[in-house]
Amino acid sequence: MARTPIPTTNSYFTWPDRGLRYECRGCGACCKGHGIGIDAAGGQLVQLVAKRPDLAAFVRRRGDAITAFNPRDRCWFLADDGLCRIELEDGRAAKPASCRLFPFNRVFHVGGVMVIDFNSVICPVQRATDGIAHADVLAEISTITDPAIVGTTLPGDATVIERERVIAAQIFAGDAAAAQGVELATPAGFEFVASTGWRMPSADTLANAIALTPSLRFNELYGPRKLAASALGGMWLAWLGFAAMGEVLAQRALGMQELTTLWSEQAPLMHAIARWRDIAVRKPGPIELPGGADAQPVTALAQKLVDNRKSRRPLGELIEAALAKADAVTRVTALKQADAIVRAAL
């Protein structure tokens, strides 16, 4: 991905103004990793090295980014109490740029629109009505010069983002299902895949899911899977069903962190359910199985997809035919292992 400053005409936040807050618990999760993102172009590296000269020996360049290397999976400056020693000693303004922005540090540019997303994987962000203001995040971004931190450019024009902006507004206005073109009803294939009936999660879990939805949509559209926008509504419905199942296991509502992980882990199942009625055809050729895959059910499904060139049957029929005799665990693991095969066939 290119990292060059581009003119930004407007911004799109994947959460409503003041709709999220976070309280640092000193868990140190955001300070783990092997590098510190520094606003070198803005002079921050000079300031850090002037105060802590030993840091100079650990600076490295990765593409356009300049980072300070950590030899273990935690920042040099993460104190044992989970707090940042730079902030404690020198104040928040002295913290590395990416750390100051966190968890709202996912900044991208698409066709002149600056997209600001949040990190719900690491940080336990929460819904709020008096949370972080968009204006404050933009003010923080404006202090950062280095394009490696706030200048990542994603391919495409602004059309997709403008569509997502409209959908997000409808979602936050209380019409999440209609905004994504689906009805709150049992999605086809859910019971076969999950071995239980679909149901809505609790009101609290649903509210957390709705708060996450625009962010997860954006990450699917521009992430590694780059899924079709038409599949996201169906995936969302399946996600709610899995969230309801997770509540049974946890015996409580699910938070935003848990729901983010659930989306990531269950995405292959959710995608298959969302495309259940779509025609899927695989070109003949060798089948590359992921490591540790149970070859028989995955190969059986792949062959059904190849044989579908003439009959043109929906994906769900092929899955049911290939996995009808499999137990619940085998169905789930086979579909996850066959994710790349299924996506290629669609």
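Because only heavy atoms are used, hydrogens play no part in the values below, and waters and symmetry mates are left out as well, while side chains stay in. Note that the numbering runs from 1 along the sequence shown for the chain.
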Test side chain to side chain contact (heavy atoms under 4.5 Å, CB included) applied to D80 - qualifying residues, sequence neighbours left out
R74

Do NZ/NE/NH1/NH2 and the carboxylate oxygens of K304 and E317 come within less than 4.0 Å?
no

Hydrophobic cluster membership, with links at side-chain heavy-atom distances under 4.5 Å among I/L/V/M/F/W/Y: are [X] and [Y] in one?
X: V115; Y: L232; result: yes
X: Y12; Y: L138; result: yes
X: W198; Y: W239; result: yes

Mark yes or no for whether [X], through its side chain, and [Y], through its backbone, hold a donor-acceptor pair below 3.5 Å.
X: D117; Y: T14; result: no
X: H271; Y: G234; result: no
X: T143; Y: E140; result: yes
X: R331; Y: A326; result: yes
X: D157; Y: G111; result: no

Salt bridge (charged side-chain N to carboxylate O under 4.0 Å, His left out), paired with D90, selected from R85, R52, K95:
R52

Residues 70-89 vs ring pair (Phe, Tyr, Trp, His ring centres under 6.0 Å), sequence neighbours excluded, gives F58-W76

Tracing side-chain links under 4.5 Å among I, L, V, M, F, W and Y, which residues wind up in one group with [X]?
X: V306; answer: none
X: V281; answer: I279
X: V248; answer: none

Does any non-hydrogen side-chain atom of V160 lie less than 4.5 Å from one of V110?
no

Any side-chain heavy atom of I341 sitting closer than 4.5 Å to one from L305?
yes

F108 and F218 aromatic ring geometry - parallel, tilted or perpendicular at 30°/60° bounds:
tilted

In residues 180-192, what donor-acceptor pairs under 3.5 Å come from side-chain atoms, sequence neighbours left out?
| from | atom 1 | to | atom 2 | distance (Å) |
| --- | --- | --- | --- | --- |
| Q180 | OE1 | R217 | NH1 | 3.3 |
| Q180 | NE2 | A176 | O | 3.1 |

